[in-house]
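Just so we're on the same page: letters track the sequence lines, and every chain starts at 1.
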Amino acid sequence: NAGVMQNPRHLVRRRGQEARLRCSPMKGHSHVYWYRQLPEEGLKFMVYLQKENIIDESGMPKERFSAEFPKEGPSILRIQQVVRGDSAAYFCASSPRGSSTYEQYFGPGTRLTVT
Amino acid sequence: GESVGLHLPTLSVQEGDNSIINCAYSNSASDYFIWYKQESGKGPQFIIDIRSNMDKRQGQRVTVLLNKTVKHLSLQIAATQPGDSAVYFCAENLSGGSNYKLTFGKGTLLTVNP
């Protein structure tokens, strides 16, 4: 059973460009979470999605950021008109449907650098 | 401010010694706590968890202690090995038992000297 997959692993964008980060959850998992990690800091919750639904986006900036988890395909975190402050590691986690254990399995992350 | 925090940002131990990593939390309503290990360039890896109705839980070479009176959590690693070198995060669930929104502390860097 493959783990959570994220791509690209590294992404470089110039200011003003768009960044698209993809996350494929573990097989059988229908809950996806996105977190952002700044250097030498802990992970900050951004958004929680189930298939075709955003459950909680309270940690995601209202401007320029959006997330989706379509019926088919990976979850996408999209950042429009990136700025230098968006440079960070973005981690995706997934958990099983109806999990009672709260355990979230993390992917390797995408490291976004905005130049 | 942060609900979850760590006492020490770095910890250096000798191989074979026991390690203790501490974590403080401020929300008495938190009911679930997790320790994650993050190696350089990788995502967090689940180590062990504990619910608020427990004081202690043991895994393989690791023990988590929860002191609800002082809102303190610790991770003990027995016979620390070089492969244990990583950043360790404690995280709490603030959603009243719902399955999302983990809140992470800043992390402690554990360095194991051979």
If one checks every heavy atom of B:Q45 against chain A at 4.5 Å, the contacting part turns out to be neither

Apart from A:F69 itself, members of its ILVMFWY cluster (side-chain separation under 4.5 Å) are A:L11, A:L21, A:V32, A:W34, A:M46, A:V47, A:L49, A:I54, A:M60, A:F65, A:L77, A:I79, A:V82, A:Y90, A:L112, A:V114

- Query: Does a sphere of radius 6.0 Å around CZ in B:R61 hold more than 12 heavy atoms from other residues, nucleotides or ligands, not counting ones at 6.0 Å or beyond?
  - Reply: yes

task: Kindly check if the number of other-residue, nucleotide or ligand heavy atoms within 6.0 Å of CD (B:Q76) is above 12?
output: yes

Can you confirm whether A:K51 is buried at NZ, in the sense that more than 12 heavy atoms of other residues, nucleotides or ligands lie under 6.0 Å from that atom? yes

Cut-off 4.5 Å, heavy atoms of chain B, and the answer for A:Q6 is neither

Taken to the nearest 0.5 Å, the spacing of A:F106 CZ from B:Y36 OH works out to 4.5 Å

Applying side chain to side chain contact (heavy atoms under 4.5 Å, CB included) to B:P82 and not counting sequence neighbours gives B:E15, B:V112

- Dump the intermediate steps for side-chain contact (heavy atoms from CB on, under 4.5 Å) on B:L102 and A:Y33, then the final yes or no. CA-CA 10 Å; B:L102 294 174; A:Y33 318 79; over 6 Å; no

Shortest non-hydrogen pair, A:Q37 vs B:F89, comes out as NE2-CZ, 3.4 Å

